[in-house]
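Here's the structure we're looking at; comments come further down.
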Amino acid sequence: MNAKPRGRQFFNNPGPTNIPDRVLRAMDRPVIDFLSEEFVAIQHACHAGVKRVMKTDQTLYMYTATGHGAWEAAICNLFSPGEKILMIESGYFSESWSQMGKNLGLEVETLAADWRKGLDVGKLAERLAQDKGHEIKAVLAVHNETATGMFLPMPEIRRALDETRHPALLLSDTISSLVSLEYKMDAWGIDITVGGSQKGLMLPTGMSMTGVSAKALDVARKSKMPRHYFNWNLMNGRQPQGFVGTAPVHMFFGLQESLKMIEEEGLDAVIDRHSRLAEATRAAVRAWGADGKGPQLYCQSPDRLSNSVTTVMMPEGVSSDPMRKIAIDRFNLSLGGGLGPLAGKVFRIGHLGDLNEPMLLGCLATTELAMKAAGVPFASGGVDAAVASLAA
């Protein structure tokens, strides 16, 4: 049996992400009564903090669930069985959200898009204009597609709805973009913002949330979808905790600390840091593939490259799995794999949450080491390109 690598693991999956020591220490304390004044004050402060990073003054619900739970909460509170929603195709997670809608009894129409290039917003406008009877009740978009390393321009999607005067709601999945990419729920006219704890918020997996506009709350009053735990009406009546069941006390301890860290750095500075680290990562990948034989950026739309995850396409006929296994087994570096039809064809470098320049450079250097050990063809100079990018 191979010996376990020593030292701290370099964790560069795009979620979950590194949990800061400050957050771990904040959670390492005895439980308190979730109905006590002490806890309710913490919970209310966390609600206010999450609304600040979402940039919304509207309603927020939180759940003991992964991001998929927040997806389900949005669907089962807003719609009735048989209603139609329009999903913008972006990759593995748009497909997953579509399947959830179908399983819950909705008619799901997919607006097809190339996974490497993303949505043609003009085609969305055309489809909305065709819907004279307003059968489409909502447009659903994954703001940042973790599988492909590409984000969607939410203001342009909002504009398509406005210019066609279509009343559909706009739902946005920010699970891998919240506190990593610029996001403005209210200014961009987003009706539902789905978020999760385990990425930009730097927490363990297991808490999620939905920001809800006044328009969406009005629509929710007409929903006939069965629901219980995620029922917003029940949650409204379970004050002060707002949960159908026990509130996740320790997750709130951690969230309180992570929000402090975000606000100490400043949200704009956090977004800038993500942009800086992402561009350095892309500089390395471009160098690896400069000879046309090595890995390449999977996303082919330069203006939509994600600042939280870079998806790297392997050379033709070369699987990413042996390289990733060497990276984790021999060198203690965890990289993300391909999802769905991209399994074995790509690997993913997460650069979001609690991350700085030395951590990223260690990841990129070790990725080169793992590629070399696995016999993956690549051009030299990737780490130098990343250093040059960061120094600039």
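One is the number of the first residue; the rest follow in order along the sequence.
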Let me see the working for Ile157 and Leu124 under side-chain contact (heavy atoms from CB on, under 4.5 Å), right down to the final yes or no. CA-CA 8 Å; Ile157 294 171; Leu124 171 62; 3.7 Å; yes

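- A continuous path of Ile, Leu, Val, Met, Phe, Trp and Tyr side chains, each step under 4.5 Å between heavy atoms, connects Met54 with Met235, placing both in one hydrophobic cluster.
- Under a 4.0 Å N-O distance rule, the pair Lys222/Glu83 does not qualify as a salt bridge.
- Shown here for Ala280 and Leu360, the closest heavy-atom pair between the two residues is CB-CD2, 4.0 Å.
- Taking CG from Asp28 and NE2 from His250, the interatomic distance works out to 8.0 Å, rounded to the nearest 0.5 Å.
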Arg282 and Glu279: salt bridge (Lys or Arg N to Asp or Glu O under 4.0 Å), yes or no, with the steps? CA-CA 5 Å; Arg282 294 191 286 264; Glu279 187 49 49; 3.2 Å; yes

Steps toward side-chain contact (heavy atoms from CB on, under 4.5 Å) verdict (Glu89, Trp115): CA-CA 8 Å; Glu89 183 177 15; Trp115 284 22; 2.9 Å; yes

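- Remark: side-chain polar atoms of Ser94 are paired, donor with acceptor, to backbone N or O of Gly91 under 3.5 angstrom.
- Remark: the Ser306 side chain and the Ser308 side chain contain an N/O donor-acceptor pair separated by less than 3.5 Å.
- Formation of a donor-acceptor pair under 3.5 Å by the Thr366 side chain with backbone atoms of Cys363 is not found in this model.
- Met87 is connected to Met225 through a chain of hydrophobic side-chain contacts under 4.5 Å among Ile, Leu, Val, Met, Phe, Trp and Tyr, so both are in one cluster.
- The pair Asp321-Arg324 meets the salt-bridge criterion, since a charged nitrogen lies less than 4.0 angstrom from a carboxylate oxygen.
- Within the 4.5 Å cutoff, no side-chain heavy atoms of Leu128 are placed close to those of Asp131.
- By the criterion of side-chain heavy atoms lying less than 4.5 angstrom apart, applied directly or through intervening Ile, Leu, Val, Met, Phe, Trp or Tyr residues, Met371 is not grouped with Tyr298; the two fall into different hydrophobic clusters.
- Distance alone, capped at 3.5 Å, places no donor-acceptor pair between the Gln296 side chain and the Met313 backbone.
- With no hydrogens or angles considered, a side-chain donor-acceptor pair links Ser176 and Thr146 at under 3.5 Å.
- Looking at heavy atoms from C-beta onward, Leu352 lies out of side-chain contact with Val309 at the 4.5 angstrom threshold.
- Using cut-offs of 30° and 60° for the angle between ring planes, the Tyr183 and His143 rings count as tilted.
- Counting non-hydrogen atoms of neighbouring residues, nucleotides and ligands closer than 6.0 angstrom, the NZ atom of Lys345 reaches no more than 12 such neighbours.
- Phe11 contributes atom CZ, which lies 4.5 Å from atom OG of Ser334 (distance to the nearest 0.5 angstrom).
- Atom CD of Gln239 has more than 12 heavy atoms from other residues, nucleotides or ligands within 6.0 Å.
- In this structure a side-chain-to-backbone donor-acceptor pair under 3.5 Å is missing from Arg52 to Leu259.
- At least one donor-acceptor pair closer than 3.5 Å links the side chain of Thr174 to the backbone N or O of Val194.
- Both Phe243 and Leu255 sit in one connected hydrophobic cluster of ILVMFWY residues. Membership requires side-chain heavy atoms under 4.5 Å apart, directly or through other members.
- Separation of atoms CD1 (Ile42) and CZ (Phe252) is listed at 10.0 Å; rounding is to 0.5 Å.
- Of all non-hydrogen atoms in Thr17 and Asn13, the two that sit nearest each other are CG2-O, 4.2 Å.
- A heavy-atom distance below 4.5 Å is found between the side chains of Phe378 and Lys372.
- Annotation: side chain of Val387 is in contact with side chain of Leu361 (closest heavy-atom distance under 4.5 Å).
- In this structure, the separation between CG on Leu78 and NZ on Lys215 is 11.0 Å, given to the nearest 0.5 Å.
- With respect to the salt-bridge test (charged N to carboxylate O, under 4.0 angstrom), the residues Glu107 and Lys137 do not qualify.
- Counting all heavy atoms, side chain and backbone alike, Ile136 lies closest to His166 at O-CE1, 3.2 Å.
- Within 6.0 Å of CG in Asp57 there are 12 or fewer heavy atoms belonging to other residues, nucleotides or ligands.
- Remark: the backbone N or O of Phe230 is paired with a side-chain donor or acceptor of Asn77 at under 3.5 angstrom.
- Contact between Ala26 and Phe253 at its shortest, heavy atoms only, is O-CB, 3.6 Å.
- In this structure, the separation between CG on Leu181 and NE2 on His274 is 8.0 Å, given to the nearest 0.5 Å.
- Contact between Glu145 and Ser90 at its shortest, heavy atoms only, is OE1-OG, 3.0 Å.
- A donor-acceptor pair is defined here as one N or O able to donate and one able to accept, closer than 3.5 Å; no such pair exists between the side chain of Ser208 and the backbone of Gly196.
- With Thr164 contributing its side chain and Ala160 its backbone, the two residues share a donor-acceptor pair below 3.5 Å.
- A salt bridge links Asp191 with Arg158: the closest approach of a Lys/Arg side-chain nitrogen to an acidic carboxylate oxygen falls below 4.0 angstrom.
- A continuous path of hydrophobic side-chain contacts links Val212 to Leu140 [ILVMFWY only; heavy atoms under 4.5 Å].
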Test side-chain contact (heavy atoms from CB on, under 4.5 Å) applied to Leu297 and Val312, step by step: CA-CA 5 Å; Leu297 292 172; Val312 184; 5.6 Å; no

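- Side-chain contact check for Pro240 versus Leu35: some heavy-atom pair is nearer than 4.5 Å.
- Of the charged side-chain nitrogens involved, none lies within less than 4.0 Å of a carboxylate oxygen, so that Glu257 and Arg29 do not count as a salt-bridged pair.
- Using a 4.5 Å heavy-atom threshold, the side chains of Leu335 and Met323 count as touching.
- The shortest distance between side-chain heavy atoms of Cys299 and Thr311 does not fall below 4.5 Å.
- With hydrogens and angles disregarded, a donor-acceptor distance shorter than 3.5 Å links the side chain of Lys51 to the backbone of Gln58.
- The nearest pair of heavy atoms linking Trp288 to Thr367 is CH2-CG2, 3.8 Å.
- No more than 12 heavy-atom neighbours from other residues, nucleotides or ligands sit within 6.0 angstrom of CD on Glu37.
- Residue Trp232 holds its CH2 atom at 8.0 Å from SG of Cys76, rounded to the nearest 0.5 Å.
- Looking only at distances, a side-chain donor or acceptor of Arg348 sits under 3.5 Å from a matching main-chain atom of Gly337.
- Annotation for Phe34: atom CZ counts as buried by contact number, over 12 foreign heavy atoms lying within 6.0 Å.
- Side-chain contact between Thr64 and Met251: absent, with no pair of heavy atoms (C-beta onward) separated by less than 4.5 Å.
- Using a cut-off of 4.0 Å between Lys/Arg side-chain N and Asp/Glu carboxylate O, Arg159 and Glu156 are scored as not salt-bridged.
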If you apply the rule side-chain contact (heavy atoms from CB on, under 4.5 Å), what do you find for Leu170 with Met154, and how did you get there? CA-CA 9 Å; Leu170 178 55; Met154 297 305 299; 4.0 Å; yes

